[in-house]
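Taking it in order: structure first as structure tokens, then the write-up.
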Amino acid sequence: MLGTANSSGTEAHPVLLSVPTKKSKPVQFGPCILPYITTAYAEESSKYQVDCQLLDTLRQDALDLPEVIDTFAIERLFMYLSQLSHLTSRFPLDIGLEYPWYPVFKANSKLVKRANLNYERANIVFTIAAAYSQLGSTETRISTEGIRKACIYYQYAAGCFKYVAREILPEMRCEPTEDLDTRTLEALIALMLAQAQECMWQKAVMEHMKHGTIARLATKVADYFDALSVPEDTAVWLSSVLPGDWIKHAQIKAAYFMAVAQYHKANECISMSKYGEEIARLRIANAQATKALEAIQQSMSASDAGGYTLTTGFGLMSLLSAAPSALTGMVQPQSGFIEQVKTLLASIDRDLVRAEKDNNVIYLESIPDELRLAPILRSDMVKPTIPADLLDHAYWKRKPDVNINRPLFENLVPFAVHQAASVYVDKKEFVVKHDIVAKCQDLIDTHNALLDKLKLPDRLDTIDPDKLPDKLLSYAEEVQHDGGEQALLDMLTKVEAMSHKNAELVEMGFSILEEENERDEILRQHYGHLWARPISKELTASLLSQGTQYYDTLQAAMRADRIVRTKVTNWGKAIHLLSQTTPDILAHLPSIGGNAMDGGAEPMSSGKQQKQQLEECQALIARLRNLMQEGKDDVKSLTQIIQDTEQLAKTDDISRQLLAKAAELTGGSPIIKIEPEQFDDVFQLELKKYETTQGNVLALSNRQIDLHIKIQQAYEQLFLLLQGNPMAAKREAAIGNLEQAFAKFKEIRTNLVEGIKFYSQYTDTMTQFRDDCNDFAMSRKMEATELSRQNNSLVRRG
């Protein structure tokens, strides 16, 4: 570790850092995926149960990482990632399954769960990047081949971090954790590239390349390490996320490699006879090397005091305690990084003393100011490299001999197709409901509103001498169906007859009681004290009271009957007219042209004018009727358009076209990601089936505007012409009277039906009352006969 000491007193300082792999807990896909398939896709979910179990196993195997990462562990991670990426083409990001992951840089942190498939993908790719960084850190660098491999691994790690930042985070749609934040990822990319560039620098030194080349490589290494601490606000934030010693490590390495770059640039100046510039660059190198050494010593002091220091945690490997020499590039097994800094500083000091002495004695060149020195050019030899397995997820094509050699859930319709189908339904519903149905209904409502405003066709029917209003015709038909005036008269006669019968029954009951009372009085007077029984009035009180109530009710009913008869008398003539045929009704109504049967017609100024006005009115009436028929036909057409369009939309299924388009977009590959927007050409093509209907609606709309103008003009002309015709008002009044007569007919008929029902029920009551009176009288008569016989016997004995 950097700035600590081991038990033997030899300083050991790691030169390269590696990122720790992320940790998680097992999850089960089945409980969330299978119900989703059933509810969202309407498919039998049981046939995908095995795929869910295989996915569980892949995840568990991928995250069961060895202590020392190898390429087989990375292969398992890529296999799981491939299936995971394929899963995003079949399901939405959130299917209700939460993926638990621990933050990578903070010990004892709580699990962070997100119900988001891209969150899981981001963590897996992060883990792959971390694994590559560990492969780079564990690779031996005593040979150029080992250096080349380490460089590749670091570039792969940077490529994976970049993939997370550029490809996954923008589509994650949930809050990333701190270790997945873009700032963290950019810092890790810079760190991995810095260490990859450092490998290229080391290789150049080992291969004894020119000083200028080495200087350019070292300068770029320093740039990458500087990226971890610039700008300041980012550095502060990173210090709270990354391990505390990493920023310090980057600052030390940046200073060290700037010193290396200036040192080699100074050596290049000797060959170019730039002795003053050599001294200036050696001074800069001295300052940067001193800065690096002081930072290391401060870390060592903090460690000795038990304070803050650089640690070996988070993947720093003890075997990396050896550092390559800045002068030879060779790793010295017994030499730590601090020794290399001291060696470099000693070389710089020695060369600086020599250069200053030679310049003072021999060359006498002016020493340029640091700010006036030309910047060292950069040789950037590395870049983020995305592994091929991350670009092409179909590992089963490259490795057909693996256990799971197919994409799981491959028979499920891609989620993007479901989304596209939903998008098409929305687009289709907008066209159908907004552009067609709503506009058709609006045209229908507008037409009906105009007719209601002008009171058409009722007002037109009212003044048309050749036609009755439809409403009046229906009234007449109903009156005729119910028997007309004669039926009312027959019912009234029946009611009156039933009324008289009920009255007779009441009178009969009273007469029976009265006769019985008279007989009782005669016998009581005849026998005197021997007539020992109650008088009749005492026994008939209840019957008399009941009969009186019946009589009062009948009188009230009879009064109502007389009111009904008055209605029949008053409205009989109008009801009689409604009972006639249509021609007869027309003949009896006043006409705007005058007629013989209308006794109140006022003479026109002349027969010729009358005839001319009638012809003009009839022409306008006919025109209005034709225009109204056109409007009626248009409404019928609009209604039919609504029905046809709704039926078309109901059966409009473009699943086959969407699947064909999906196959075209993916080339048959189940893992290529597609978006609903890629189906726009299919949407446009399929929506064309509604364009003809939309054009028809537009044509009907334009036609309606013209039609309504014509209707209003003809209407205004007609009623302007009728203002001077007194018969028009009389005809309207007569038709209104007939409409009232219909209402009275219904009212009278209802009254008579209720009367017949009342008297029918009351007849039974009155009959019972009469029979009760008769029974009472008969029982009293029998009692009187027996009592008379007894009294006569007593008289004879006496």
Side-chain angles (χ1 to χ4, degrees), residues 1-2 4 6-7 12-27 56-81 84 99-112 120 122-142 146-147 149-161 164 177 179-180 184 188 191-192 195-196 199 242-246 249 309-323 331 333 336-337 387 389-390 402-403:
M1 59 184 175
L2 190 57
T4 61
N6 58 25
S7 58
H13 307 288
V15 178
L16 300 176
L17 299 176
S18 60
V19 181
T21 53
K22 298 201 71 172
K23 306 299 180 184
S24 179
K25 284 193 172 182
V27 298
D56 293 343
T57 302
L58 273 176
R59 187 179 193 273
Q60 187 63 36
D61 291 346
L63 298 182
D64 187 13
L65 298 172
E67 184 174 348
V68 178
I69 296 295
D70 54 27
T71 55
F72 297 107
I74 294 180
E75 284 182 4
R76 292 195 298 273
L77 284 166
F78 272 123
M79 288 176 64
Y80 173 60
L81 178 66
L84 206 59
Y99 304 95
W101 287 91
Y102 288 101
V104 70
F105 294 117
K106 294 183 178 179
N108 303 320
S109 296
K110 293 182 179 179
L111 277 171
V112 179
E120 174 82 347
N123 280 287
I124 292 297
V125 178
F126 187 102
T127 301
I128 292 173
Y132 272 125
S133 76
Q134 293 181 29
L135 279 180
S137 297
T138 56
E139 188 66 45
T140 177
R141 290 187 292 142
I142 61 176
I147 294 172
K149 287 184 179 180
C151 181
I152 291 174
Y153 290 143
Y154 286 130
Q155 290 179 86
Y156 279 164
C160 291
F161 287 131
V164 175
T177 51
D179 48 16
L180 294 178
T184 304
L188 294 176
L191 177 61
M192 294 299 105
Q195 298 186 157
C199 290
L242 298 176
D245 55 0
W246 281 25
H249 174 91
T309 182
L310 304 176
T311 69
T312 59
F314 298 101
L316 304 184
M317 315 301 275
S318 60
L319 59 88
L320 296 175
S321 59
V331 175
F337 182 61
D389 288 344
L390 195 54
V402 296
N403 292 333

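Numbers here are sequence positions counted from 1. Remember, predicted model here, so these are calculated numbers, not experimental data. Below, all heavy atoms of this structure are taken into account, side chains as well, without hydrogens, waters or symmetry copies.
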Working for side-chain hydrogen bond (donor to acceptor under 3.5 Å, both in side chains), residues Glu120 and Tyr80 | CA-CA 11 Å; Glu120 174 82 347; Tyr80 173 60; 2.5 Å; yes
Backbone N or O of [Y] within a donor-acceptor pair of the [X] side chain at under 3.5 Å?
X      : Y      : answer
Ser137 : Gln134 : no
Ser133 : Val19  : yes
Gln195 : Leu17  : yes

Nearest 0.5 Å, please: how far is [atom2] in [Y] from [atom1] in [X]?
X      : Y      : atom1 : atom2 : value
Thr184 : Leu242 : OG1   : CG    : 6.0 Å
Tyr153 : Thr71  : OH    : OG1   : 6.5 Å
Thr127 : Tyr132 : OG1   : OH    : 13.0 Å
Glu67  : Asp70  : CD    : CG    : 12.5 Å
Leu81  : Leu58  : CG    : CG    : 11.0 Å
Ile74  : Tyr156 : CD1   : OH    : 10.0 Å

Identify the heavy atoms of [X] and [Y] that sit nearest to each other, and give their distance.
X      : Y      : value
Cys160 : Ile128 : SG-CG2, 3.9 Å
Phe105 : Pro20  : CE2-CD, 3.8 Å
Ala196 : Cys151 : O-SG, 3.5 Å

Applying ring pair (Phe, Tyr, Trp, His ring centres under 6.0 Å) to Phe126 and not counting sequence neighbours gives Phe161
Got Asp56 and Pro26 here, is their nearest side-chain heavy-atom distance under 4.5 Å? no
- [ ] Could you tell me whether the side chain of Ile69 reaches within less than 4.5 Å of the side chain of Thr138, counting heavy atoms only?
- [x] no
Residue set satisfying salt bridge (charged side-chain N to carboxylate O under 4.0 Å, His left out) with Lys22, at least two apart, ordered chain then number -> Asp179
Applying salt bridge (charged side-chain N to carboxylate O under 4.0 Å, His left out) to Arg76 and not counting sequence neighbours gives none
With sequence neighbours excluded, what pairs up with [X] under the side-chain contact (heavy atoms from CB on, under 4.5 Å) test?
X      : result
Tyr102 : Lys23, Lys25, Leu111
Leu63  : Ser24, Arg59, Leu77, Trp101, Ile124
Thr57  : Asp61

